[in-house]
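Here's the structure, in structure tokens; my notes come after.
What's counted below: heavy atoms across the whole structure, side chains too, no hydrogens, waters or symmetry copies.
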Amino acid sequence: MIEFIPIKHGGGVIVDSKPQQKFEKPDNCILECVQNAIDAAIEKNGKREKTILKFHFTQIKKSDCKFFDKNFENHLNQRKYGRRHDFEDSISCLIMEDFSTTGITGDPDKSDDQTETGKVNNFYFMNHSFGENQKLDDAKSGGSEGEGVQAFNLNSDISTFFYYTVDSTNNNRPAFFGISYLGTRHIDQVSYLPHAFFGKKVKNEKFKEDYYNGYPVTDKEEISNLVKLFKLKRKPNESGTSIIIPYYVKNGLDNKELLTSKIIEIYRVPILKGQLEVCVGKTVINKDTIKNLNKDGTNPRTEGKFNQQQKDLLDTYYAFLGETEKIKDDSTKFIEITNNGERKIEKSSFSNFDDLLKRYHQNELISIKINFNI
């Protein structure tokens, strides 16, 4: 049975990643979810399948959540970060689900960055690696700091989120887990680590006393009941990941039109290319709807409506993106820039500046290839 599991400090120095305001903006958790889904897109025959994301909102009852027990409330009231101390029985939840993705892969029962077979254990990075700088070598493993996931914690009034994932690489095995960022704290003269969990409790054999670790629930019947509780849309064998944020922060996350506009602003290129489709409530953002949704929606920079001049610019921009899709990957059509670390690109940096100028004045679409080292 899923239960709240605070982790006792076992000695040594406590490391608290202290995300604080770094990922606190309401849209950060949305963008983190979108980027994670893009990174986890399923590939078939060398081609990435279209990633589909669904954002929706639901209400559940605290009285149906036995895991929100008195022990959790005690730890919640002692946390360094957060807002809510009094539970309401009606819990507003933001649900973010991706489809046609791999899901979280690896071994959910192993607290190590590798599985027994030496493969990357992404459950470890999701559940236990916060601010450890361990993901730089693999872009698909996520960001460089391992802190982005805490955007989900910071946009919950109880500093808590849950996930339900189906691993496509392991016979669509399901897993369900919850993570709370409560900060370091002392309760009844016992020191606790910054993160606590909701899952299955397993005795930590390194200690003689009653020290426990938390691991994802993998029992299909229990997970089925949790899926029904949170009203998730994912079916048992649909790979991907669902993120659940209870008592979500409503200063922006509940504005569906603004959310739609921010998603379009940052991810318009993969959406227009048909690589990404996002549903916010009943609004579907795809390559066929994006242009009109953008023009008729909210300007995410001003949170007002676009004026006619801005709409005309958007028309021009989408026409430009449409033209770029027609370009074939032909190296003979590229104009190269030789970059040797100069701060400023000079005329002499171009392989054929005169040709560039001529084609520019003929209103051609020009592909420029910039060679540089990171």
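- F55 is listed as a side-chain neighbour of V34, based on a closest heavy-atom distance under 4.5 Å.
- In this structure, N171 places its CG atom where only 12 or fewer heavy-atom neighbours from other residues, nucleotides or ligands lie under 6.0 Å away.
- Ring geometry, H128 versus F197: the interplanar angle exceeds 60°, so the pair is classed perpendicular (tilted spans 30 to 60°).
- Across S156 and P246, no two heavy atoms sit closer than the pair OG-O, 2.9 Å.
- Using a cutoff of 4.0 Å between basic side-chain nitrogens and carboxylate oxygens, D355 and R359 are scored as salt-bridged.
- No hydrogens or angles considered: a donor-acceptor pair under 3.5 Å links the side chains of Q308 and D312.
- Using a cutoff of 4.0 Å between basic side-chain nitrogens and carboxylate oxygens, K291 and D315 are scored as salt-bridged.
- The aromatic ring centres of Y248 and F57 sit less than 6.0 Å apart.
- Applying the ring pair (Phe, Tyr, Trp, His ring centres under 6.0 Å) test to residues at least two apart or on different chains, none of the pairs has a partner in residues 269-310.
- Of all heavy-atom pairs spanning T160 and S180, the tightest one is OG1-OG, 2.6 Å.
- For K62 and F68, the positive end is not near the middle of the six-membered ring at less than 6.0 Å and at most 45° from its axis.
- With sequence neighbours left out, T105 forms a side-chain contact (heavy atoms from CB on, under 4.5 Å) with T102, N122, D167, T169.
- Contact record, A196 with P6: CB-CA, 3.9 Å, taken as the closest heavy-atom pair.
- Stacking of K54 on the aromatic ring of F99 is recorded, both the 6.0 Å distance cut-off and the 45° axial limit being met.
- Taking the six-membered ring wherever Trp is involved, the centroid distance between the rings of F162 and F230 falls below 6.0 Å.
- What you find for G106 and T115 is that their closest heavy atoms are CA-CG2, 3.9 Å.
- Identified under the salt bridge (charged side-chain N to carboxylate O under 4.0 Å, His left out) test for residues 218-235, with sequence neighbours left out: none.
- Using a 4.0 Å cut-off between a side-chain N of Lys or Arg and a carboxylate O of Asp or Glu, E3 and K66 do not qualify as a salt bridge.
- R268 and Y317 form a side-chain donor-acceptor contact under 3.5 Å, judged by distance and modelled atom types alone.
- Environment of NZ in K287: sparse, with no more than 12 heavy atoms of neighbouring residues, nucleotides or ligands closer than 6.0 Å.
- Look at K61 and E88 and you find no salt bridge, because none of the NZ, NE, NH1 or NH2 atoms lies under 4.0 Å from a carboxylate O.
- Considering only heavy atoms from C-beta on, F177 stays 4.5 Å or farther from Y164 through its side chain.
- Shortest non-hydrogen contact noted between P216 and F123 is CG-CD2, 4.4 Å.
- Side-chain N or O atoms of N294 include none that pairs as donor or acceptor with a backbone N or O of I264 at under 3.5 Å.
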Problem set entry | Verdict with supporting geometry, Y163 and F152, ring-ring contact (aromatic ring centres under 6.0 Å, His included) | CA-CA 10 Å; Y163 70 74; F152 305 142; 9.5 Å; no
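- The closest side-chain heavy-atom distance from K200 to D109 is below 4.5 Å.
- Checked against side-chain contact (heavy atoms from CB on, under 4.5 Å), I266 has the following partners two or more places apart in sequence or in another chain: L31.
- Scanning all heavy atoms of the two residues, the minimum distance from A41 to E49 falls at CB-O, 4.2 Å.
- Contacts of H75 classified as ring pair (Phe, Tyr, Trp, His ring centres under 6.0 Å), with partners at least two apart in sequence or in another chain: F4, Y192.
- Side chains of Q59 and S90: a donor-acceptor N/O pair is present below 3.5 angstrom, by distance only.
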Listed pairs under 3.5 Å, donor-acceptor, residues 271-280 side chains, sequence neighbours left out:
unit_1 : atom_1 : unit_2 : atom_2 : d
E277   : OE1    : K50    : NZ     : 3.3

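- Dense packing is recorded around CD of Q362, with more than 12 heavy atoms of other residues, nucleotides or ligands lying under 6.0 Å away.
- Residue K110 qualifies as enclosed at atom NZ: its count of foreign heavy atoms under 6.0 Å is above 12.
- Ionic pairing of D107 and K119 is not present here: no N-O contact between side-chain nitrogen and carboxylate oxygen is shorter than 4.0 angstrom.
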